[in-house]
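A short write-up of the structure that comes next.
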Amino acid sequence: MPLQPSAPLLRDKGQSEVAASFYLSGRLEGSVAYSPAKHVLVRAAGGLSPNNEDSVSFHIRQFEVGTGTYWSLSDQWLVGALGGYGRGQSQRRFTINEFEYSGPDPSIRFNYASRFHKLYGEAFVAYEGDWATIGAAYRLSQVRFASLTNNGLPVDLRRMTRSEPMVFMRFGNRTGFLPWGQFQVALSTSWSPDYEKSVPIEQHRAYIKESRVFTSVGFVIYPHRFRRDADY
């Protein structure tokens with residue numbers, strides 16, 4: 001799956017943000033965002049999940065770069081948008097039985113491998129309260145497969161669209177106990193609008209397009225806030 005939506009909480013030129021997240025699925029993601037000019041941000045991110053030899057596994061490596069804008073509507077409200085490009089490769093192995101599949105073989109093993117690149121666009125909004133920041137983001141990604149196989153055989157799917165909303169909460173604020181860092185929890189989902197698992201001829205495509213739910217915990221550092229005289 002592509003990297004999940006982001007919400008860089010930058011408010012002025014020279015500010016930066018470094019974030020790391022751990023997903024309950026075992027995936028790790030990290031990102032760096034920076035504002036080289038007022039209302040302008042640039043961001044780079046990467047993610048991976050470890051490979052293993054289990055019969056059910058998911059392994060991915062990917063990165064993305066993007067640029068966008070942000071606007072402080074008040075001292076509490078922040079909105080922004082960005083878009084960019086990414087690349088990656090993944091492998092997913094699993095087996096289904098007769099209770100999940102109505103085909104002639106009661107035990108079907110899938111081993112998907114892919115290389116892909118993508119274009120994405122997203123928007124976010126955040127509100128900073130006295131003890132926490134809450135927000136939401138929405139990303140739309142166009143994933144294009146350079147190669148996609150199942151058990152070594154090509155799968156007839158060249159591209160797919162992923163719709164990806166996210167809600168998050170960051171604990172702490174700019175004047176609290178830890179002004180330069182925040183703990184974050186996030187819940188997001190990802191799906192393809194044209195996903196139809198019930199169509200037998202589309203079975204291979206369906207397992208790639210099916211929806212997912214992600215829960216993550218992480219920590220965010222704002223390097224510019226280490227300076228005591230920083231303009232937050």
Side-chain angles (χ1 to χ4, degrees), residues 1-10 15-34 41-66 78 80 82 84 86-94 112-114 116 118 120 122 124-129 131-139 141 143 162-174 176-191 208 210-226:
M1 293 295 108
L3 293 169
Q4 294 304 286
S6 63
L9 302 187
L10 307 181
Q15 295 188 357
S16 57
E17 172 186 295
V18 180
S21 297
F22 172 77
Y23 287 76
L24 299 187
S25 61
R27 191 166 80 184
L28 299 173
E29 289 187 4
S31 65
V32 177
Y34 176 69
L41 66 87
V42 292
R43 179 178 179 270
L48 61 86
S49 60
N51 200 0
N52 57 60
E53 299 303 323
D54 295 340
S55 59
V56 178
S57 69
F58 181 70
H59 171 63
I60 190 168
R61 291 184 299 172
Q62 57 183 320
F63 74 92
E64 66 181 33
V65 292
L78 178 72
L82 65 156
R87 299 187 66 169
Q89 61 184 43
S90 68
Q91 183 179 24
R92 183 188 179 200
R93 296 194 303 267
F94 62 96
Y112 290 107
S114 72
F116 62 87
K118 67 175 182 180
Y120 71 90
E122 69 176 67
F124 62 88
V125 59
Y127 174 82
E128 183 177 358
W131 58 274
T133 298
I134 59 174
Y138 176 78
R139 170 177 290 201
S141 299
V143 181
R162 303 297 292 190
S163 181
E164 299 166 315
M166 177 185 76
V167 292
F168 65 91
M169 178 176 288
R170 296 183 181 181
F171 298 94
N173 60 31
R174 288 171 281 168
F177 170 72
L178 203 66
W180 50 264
Q182 292 181 304
F183 290 98
Q184 175 176 289
V185 295
L187 178 67
S188 59
T189 184
S190 176
W191 76 87
I208 296 171
E210 65 185 355
S211 61
R212 306 284 181 82
V213 176
F214 303 95
T215 303
S216 68
V217 294
F219 192 72
V220 183
I221 296 175
Y222 305 94
H224 62 277
R225 296 184 186 176
F226 288 128

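- Side-chain contact between Phe214 and Ser190 is present, with at least one heavy-atom pair separated by less than 4.5 Å.
- The structure places CD of Gln15 at 10.0 Å from OH of Tyr34, a figure rounded to the nearest 0.5 Å.
- For Phe183, the ring pair (Phe, Tyr, Trp, His ring centres under 6.0 Å) partners are Phe219, not counting sequence neighbours.
- Residues that satisfy the side-chain contact (heavy atoms from CB on, under 4.5 Å) test with Val185, not counting sequence neighbours, are Met169, Phe171, Val217.
- Residues satisfying the ring pair (Phe, Tyr, Trp, His ring centres under 6.0 Å) criterion with Tyr127, sequence neighbours excluded, are Trp77.
- With sequence neighbours left out, the side-chain contact (heavy atoms from CB on, under 4.5 Å) criterion links Ala186 to Met166, Phe168, Gln184, Ser216.
- Scanning all heavy atoms of the two residues, the minimum distance from Ala19 to Val220 falls at CB-CG2, 4.0 Å.
- Side-chain atoms of His224 come within 3.5 Å of backbone N or O of Ser16 as a donor-acceptor pair.
- Side-chain contact check for Ser6 versus Glu122: some heavy-atom pair is nearer than 4.5 Å.
- Contacts of Ser114 classified as side chain to side chain donor-acceptor pair (under 3.5 Å), with partners at least two apart in sequence or in another chain: Ser90.
- Checking Glu164 against Ser188 by side-chain atom types alone, no donor-acceptor pair falls below 3.5 Å.
- In this structure, the side chain to side chain donor-acceptor pair (under 3.5 Å) partners of Glu17, at least two apart in sequence or on a different chain, are Arg170.
- The nearest pair of heavy atoms linking Leu78 to Leu10 is CD1-O, 3.6 Å.
- Counting heavy atoms from C-beta on, the side chains of Glu64 and Arg43 come closer than 4.5 Å.
- A 4.5 Å side-chain heavy-atom check between Arg139 and Gln4 finds every atom pair outside the cut-off.
- Every residue meeting the side-chain contact (heavy atoms from CB on, under 4.5 Å) condition with Val65, not counting sequence neighbours, appears here in chain and number order: Ala44.
- Applying the side chain to side chain donor-acceptor pair (under 3.5 Å) rule to Tyr120 yields no partners; only residues at least two apart in sequence or on another chain are considered.
- Here the side chains of Arg162 and Lys118 are not in contact, with every heavy-atom distance at 4.5 Å or above.
- Expressed to the nearest 0.5 Å, how far CD1 of Ile60 lies from CZ of Arg92 amounts to 11.5 Å.
- Rounding to the nearest 0.5 angstrom, the gap separating the CG atom in Leu187 from the OG1 atom in Thr215 is 5.0 Å.
- Atoms CD and CZ, from Gln89 and Phe116 in turn, are 8.5 Å apart once rounded to the nearest 0.5 Å.
- Every side chain to side chain donor-acceptor pair (under 3.5 Å) that Tyr138 has, sequence neighbours left out, goes to Ser163.
- Closest approach of Trp191 and Ser211 over heavy atoms only: CB-CB, 3.6 Å.
- Contact between Phe124 and Pro8 at its shortest, heavy atoms only, is CZ-O, 3.5 Å.
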